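Residue numbers start from 1 in every chain, and the chains themselves are labelled A, B, ... in the order their sequence lines are given, proteins ahead of strands. Both backbone and side-chain heavy atoms feed into the values below; hydrogens, waters and symmetry mates do not. In this text the structure is predicted, and so the values were computed from the model without any measurement.
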Amino acid sequence: MIESILFIVLALLALASAVVAVISKNLVTSIISAGLVSLLASLLYLLMSAPDVAMTEAAIGSSLATIIFFYVLNRIRAKEDSRD
Amino acid sequence: MVAMFNPIYFVVAGLAAAFLLTLFHNRERLSYFIMIIALSLMMLISLAHLASFLAGTGEIVQVFTAGFAPPFSINFQMGPPEALLTAIVSLVGLLSGIYLSEQLRKTGAYAQAVYIVLVMGMNAMILTRDLFNLFVFLEIVSIATVGILFLSRSRTSVNTGFTYMVASGLISVVLLIGIVFAYMNAGSLNIDTLSESLVMAGRGGSIAVLLITLAFLLELKPFPANGWGIDLYTSAPGALSALISAGGMSATYYALAKVLPVGQWSHDSLVAAVGGITFIASQIIALKQDDSRRLLGYSSIGQIGLLLVVLGFSEALGDRRDFIAAGLLITHALSKSILFYISDMVQDDSLRGWAALRRKPVLLVLFGVAAFALIGFPPFPSFFAKWDLILLLNGGTEGYYLLSAMVLAGSLIEAVYLFRWFSYALKLPHEDLPELASPTSRLIAPVTAALVLAGASWYVSTLVSGFSQSFLIPVAFILLVAVIDRLPAWSKNVISIAGVSLYIADLYPRIAGDLMTMIFAGIFLVGAVLTLLSGFYYKGRRAGFYPMALTMFAGLAALIEAATILEFFWGWELMAIGSYFLLIRGKKSMPHGLSYLLFSIGGSYSILYGFSLAAAGAGGVIAMSSLVGISVMPALAYSLMLLGFLTKTASIGVHIWLPGAHGEAVADIHFMASAILLKAGVFGLITVLLAMGSEAGYTRWILLALGWIGVLSALLGNISAAFQESAKRLLAWSSIGQLGYIVWGLASMSHLGWLIALGYSVTHFLYKGILFLAIGGIALKIGTPYMYKMGGLIKRMPYSFFAVLIAIITLSGVPPLVGFSAKWITYNLIISEQLYYQGFVILIAGIIAFLYLFRMIYTVFLGQLKDNLRSVGEISIWFRIPMYLLLIVILVLSFLPNTLLRPIGDMLSGIFPEEAIVWTGSRGVTSLGYFDGAMIMYVIVGIFVILTILFLLLRKQTQKVKQFNIFYSGEAPSRPELSHFSYNFFAHYRKAVGALALPLVTGFWDRVTEIIHAVSDFIRRIYTGNGQTYLFHIVLYVVVVFLVQSGGYR
Amino acid sequence: MNIGSIAMGAGFLLVLIGLWGILTRTHIIQIIVSFSVVDTGVHLIMVAAGYMHQRTAPIISEGLAASDAPSLVVDPLPQALVLTAIVIGLGVTALMLAFALRIHEKNDTLEIKNIERLRW
Amino acid sequence: MIRTFGIILTLIGVAFLFFSLFLEYETPLELSGSASYYAASTAEDTGSANLVSAIVVTYRGLDTLGEVTILFLTSSIMSYMLKTKKARNQRTFRESSELLRTASALLVPFIILLGVFIFVHGHLSPGGGFQGGAVLASALVLLLVADPLYTVQSRILSVIESSSGFLYVLLGLSGLLFGAGFLDSRVLPTGRVGELFSAGLIPLIYILIGLKVGTELSNLLSVFHSVQGQDLMEDEGGAR
């Protein structure tokens, strides 16, 4: 039962961050929220007896992807700054 | 042997090479070499399997990875379709790899690795039998595609690549959800066990199958959710587009074909509908396209649409489906590749920029081969595929009549834009030709593709039932003549005449008893020899003329020899190709040649449709006899066939191609086109009318319509002829009129009517032959066909004058020559069949014929000799020889009309038993009176002699006036030649009846064209270029299809 | 309602939310972010497809003998598929971002409306 | 406005589609089809304790090979698509703190060790080549955070990447030559379930996958990292 409630809370959190990721006008918020969705999803996987998937999602989906997003964002910011 | 070529080696070779390459990433030559080796290896594997299947020794190879049987592990299957498709993919992969060598080497080893993986992925998509594995390789292919797209590094390629990535990402989502639900419902990912699984019957399973189907459909870029895919063709290098179009589409198409049985074919109608819409819409959109690559893109998508139709109708097509699909796929893959390769060499992307190909004739030839193959002309595989497709669609227990009509309509539109483009390349006047980057190394790919296409054509033709291999012999002969095209014209002429004569000698014993066939064989083949004879006039090489002329004659001969309607259709199409190329040889003939070809194709599709109904009625039998007593919609079938043949007789309504096309053709081609080619239409009409008979109730209306078409053609043709300034055009219009008589005669379905028709067929051949040779020769000699620039030529060209005079007398039907006998029978027909209305118009038309004949003989030969023509000589002896040969025949027939008419009459008695004319010697008797050719000749000659004597006696009283013994009224005209009396000769008549000659019909066809173009312009506005809109289209497409399809699940 | 259904429902909702973003956001980075949300949703759906109530991870250990596995573990296959899908997803996302960089280079903007385009 | 409305309508349609699927979903009570086979016979077939690993490496090894190929494609494409100009001198990175640099220097070996541990034990415990590879790549992230000017030895990375990929294919081939099929992991003895040296080729392949994925991801990261401070190569060509 507790497991179920935890699961529902996590799922709702994931949905909420997804909405933030999609709606937010701020790119940084977006990217972080999207990473959060992945992270929460990996917790869900863990609860669903899928540790392999959980590890992969956490390592690849949430961390590496987010880092790459930020690299790109940095680059674009830098370029736009240098233009102004 | 085949065991050595385990299909898994596609993956092994591809990946090992790709990984290895990058170790050598700063040694481009070595890495490129590895790439080519790996690609060749893939081709070797597929060819080994293909060869063993073709030889009949092949067995389907199953490869279990990891050594576990499916569904527990992933398996590959190499059967005949896989062998064929991997062969296509590997071939195009290798060719494009060679073609792109410069770019690939420059971009480095990583790009080469991506390229290999791309080809490997396409092959693996074809081989794998596992759904998820299919997804993985699909992803590999899309990622590698966008990766290699970057070779072109343009701004648009980057934007396109991004949209492409997101779009294929969305499609993957659809696919993945489908796969997961399929797995949940069936516990397996293996395609074969999935399709056996009954668990799929549930609703979840159905939706899963729908999603999977939809994903692959979307990958094939269906209209309208395909904006993301089309941009790819515009921005990718041509050789890459070739690979995407030929390889990627083949692989995805086969993936879909694998997936459909999983859902127990529950979505076949969806696939067919998507395909049909895509086919038609793409063709219409392509019509308005001016960018060559985008046009090729639309055309590729259209072809895929057609293939989807084939897939969707698997049930109706039965075991012929694979043949049809293979025929279309091979042709499409190879010919599209050729076109894309060429597009890389042409620097200017617009259609008109392809005029650059004139710098390199071999590319023009390749372009032509690809275009004709795409449309489905013989001898290419698509010809047989399209034939089978239409026949089976119309021939099943349930006829898909509308669909087959749409397929033909779409093909016609495709023909319009492809040939318009082709004619730009051939004929568009260009101040300075655009640049062409065509180093010889770049020719390897397209030339190889064309050779493979030729081989495939030969092989496919051996698989077709109802098609005799002997029809390939003339094609081989034509190829031979094409190969020696560099030799001077006279040598090719000798060879051609020898070839045709041999053929006649071979044919004669086979048709000796059959007069009807003999007549047309005579017109076609003796005509061939005569026209070729006049070809000795030409100096130089006459590049390309002989293969094309022979193609036309081969087609005509095939009509005669055809034992099945397939062979007949083969001949018909072959003739159309040959004559098209002959007609566009003239200087200003480009637009007319195009309209000729389009009417030809339209006509032949109409015939094909009629034939398919005939075969449907005969239960699939395609012998010529199946045309008799058609049981499926006979009225429509016969009407369509007649309509098709009427396009070739240039009857009014479908005539608009003729005046221009023939009017611009050079002399001997004009002869071929008018005196010979038009008779093919007559031959077709006769074939159909014989089969149709006149007993059934519907025939009355068909024949009535046909009769009036003939009558109106005679009237309007003659009126228009009278108003022409160009002697050639005058003759062209006159042909429309003359053929009108023939059609009218045939439509009467009576002994006398057919006697007229056949008589005219022969005599028209004779006198038109003379006139074309004479007028054509004169036009060549003095450099203009305009009559107001001629005049007084009787003094310079007496032989021509005499021949023309005789021909004209024959044509006009006045005594004493053979034309009169035809006219006499006409009167008999009018009275005996009580065709008073039609007869009245025919008589009027006959009178009008005098106008143009008079104009021609008067303004060309009589009157005053022009200054600049004072020293002009007689026309070439090579024109006069065939002319006088024809003349002799006319004279013989005039003295003894019974030599021609009597045997024809005897033969017709077998068809129309009523005794119409009784011949005694040269004297023919009908119920209305009698006619004696010889006697008339004696009388007329007698009168002529008396008059001549009188003339000679009174001659001394005439006064000779010098030519320039005249004075002007003091005003200098700005364009003196237009003030010549023979300019606008019949101005007064034009005022009275000119309205009849106004191009009403032309206006109609113009309007049709305009409307279709407007539709095209409207539809293509959905391609806004906004990637997000394209993504929206995809999602919307999924929803709409789901809503439409889900109705069936409840 | 067990957690499998919740996960499945959440997965579908994530896909929908992501789709909304893909179709309405105008900044390319945000479109890519939305796409990764869609991806995560699909992964969730896939894992849920293999989930079974009251079962453990498909790993044989001291507590789980090989012979008991069929009655005690969740379906391992969807998990294996998700692994593949996640890695593919990363590859695709990275490539999209690379394209975004290139587009920015060429067009000086990442607003999808302002990007030069091919038409008709 | 109309556009937004259309999108909302369409998404409602999608929602309807999803809802129809959702209604059909119920968590199964028994393993069905191939899953029951995997659960029952994986240990015996392959000797791997982790069923997912066995599926990933052996049963569906071809998928995994494809997946590795996709990462390979991505990093290859990246390497010519985001090729940077020769380094400019004024790179705009903040100096990171001394603390961070020291810490990362200490941490990196441990992280690498952890990654290696994860993929070596892929057949025994959760994790494997992908997870281990990702951990390896995160070591690089740490290095780059600590020292943004750290230059990655991309040549070494790509040699490791290519040769591990090549070896992977060769190991697969060995299955074809000495076993029952391509990628058959039973070429080596399967051993006893649960031991480190068991499960035939699975650990070996997972090591290669780990190396390959690790280097590929590192490559990706370093390419994206380097892009931050440098200009991309100019593009050639005009319209095409």
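For B/F135, no part sits under 4.5 Å from any heavy atom of chain D, backbone or side chain. Contact annotation for B/V63: neither backbone nor side-chain heavy atoms come within less than 4.5 Å of a heavy atom of chain D. Neither the backbone nor the side chain of D/Y168 comes within contact range of chain B; no heavy atom of the residue lies under 4.5 Å from a heavy atom of that chain. With a 4.5 Å cut-off on non-hydrogen atoms, B/I177 touches chain D through its side chain but not through its backbone. Both the backbone and the side chain of B/V1035 come within contact range of chain D, each with at least one heavy atom under 4.5 Å from a heavy atom of that chain. Heavy atoms of D/L173 lying under 4.5 Å from chain B belong exclusively to its side chain. For chain B, the nearby part of D/L176 is the side chain; its heavy atoms alone come within less than 4.5 Å. For chain B, the nearby parts of D/F166 are the backbone and the side chain; heavy atoms of each come within less than 4.5 Å. For B/A18, the parts sitting under 4.5 Å from any heavy atom of chain D are the backbone and the side chain alike. Both the backbone and the side chain of D/T58 come within contact range of chain B, judged by heavy atoms closer than 4.5 Å. With a 4.5 angstrom heavy-atom cutoff, B/L211 touches chain D only via side-chain atoms. At a 4.5 Å heavy-atom cutoff, the contact between B/D130 and chain D is made by side-chain atoms alone. Contacts between B/L1036 and chain D at a heavy-atom distance below 4.5 Å involve backbone atoms as well as side-chain atoms. Contact of B/F76 with chain D is made through the side chain alone, with heavy-atom distances under 4.5 Å.
Using a 4.5 Å heavy-atom cutoff, the side chains of D/F16 and B/L1043 are in contact. Under the 4.5 Å side-chain criterion, counting only non-hydrogen atoms from C-beta, B/V1039 is not in contact with D/L17. Considering only heavy atoms from C-beta on, B/V12 comes within 4.5 Å of D/F182 through its side chain.
Taking CD1 of D/I7 as the reference point, atom CD of B/Q1028 lies at 6.5 Å (rounded to 0.5 Å). From D/S162, atom OG reaches atom CG of B/L20 across 8.0 Å, with rounding to the nearest 0.5 Å. We find the CG-CZ distance between B/N1026 and D/R3 to be 5.5 Å, quoted to the nearest 0.5 Å. Here the straight-line distance linking atom OG1 of B/T128 with atom CG of D/L62 works out to 6.5 Å at 0.5 Å rounding. Distance check: B/S142 OG to D/I70 CD1 gives 8.0 Å after rounding to the nearest 0.5 Å. How far CG of B/N185 is from OH of D/Y25: 12.0 Å, rounded to the nearest 0.5 Å.
At most 12 heavy atoms of other shown residues, nucleotides or ligands fall within 6.0 angstrom of atom CG in D/L29.
No option in B/F72, B/F132, B/F68, B/F64 other than B/F68 meets the ring pair (Phe, Tyr, Trp, His ring centres under 6.0 Å) test with D/Y59.
Nearest heavy atom pair, residue B/S73 against residue D/Y38, reads N-OH, 4.4 Å. The two residues B/I140 and D/G66 have their closest heavy-atom pair at CD1-O, 3.6 Å. Heavy atoms only, all atoms of each residue included: B/I74 and D/R60 are closest at CD1-CA, 3.8 Å. Residues B/S188 and D/S34 approach most closely at CA-OG, 3.9 Å, considering heavy atoms.
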TODO: I would like to know whether B/F19 and D/K212 meet side-chain contact (heavy atoms from CB on, under 4.5 Å); could you show each step before the answer?
DONE: CA-CA 11 Å; B/F19 295 145; D/K212 187 157 175 62; 3.3 Å; yes
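The choice from B/V136, B/V1038, B/N133, B/T65 that makes the most heavy-atom pairs within less than 4.5 Å of chain D is B/N133. Ranked by heavy-atom pairs under 4.5 Å with chain B, the first of D/G61, D/S79, D/G175 is D/S79. Ranked by heavy-atom pairs under 4.5 Å with chain B, the first of D/I77, D/V169, D/L21, D/L183 is D/L21. Contact count versus chain D (heavy atoms, under 4.5 Å) is highest, among B/I148, B/I143, B/N190, for B/I143.
Although no hydrogens or angles enter the test, the distance criterion places a donor-acceptor pair under 3.5 Å between the side chain of D/Y80 and the main chain of B/G147.
In this structure, a donor-acceptor pair under 3.5 Å is absent between the side chains of B/T22 and D/S158.
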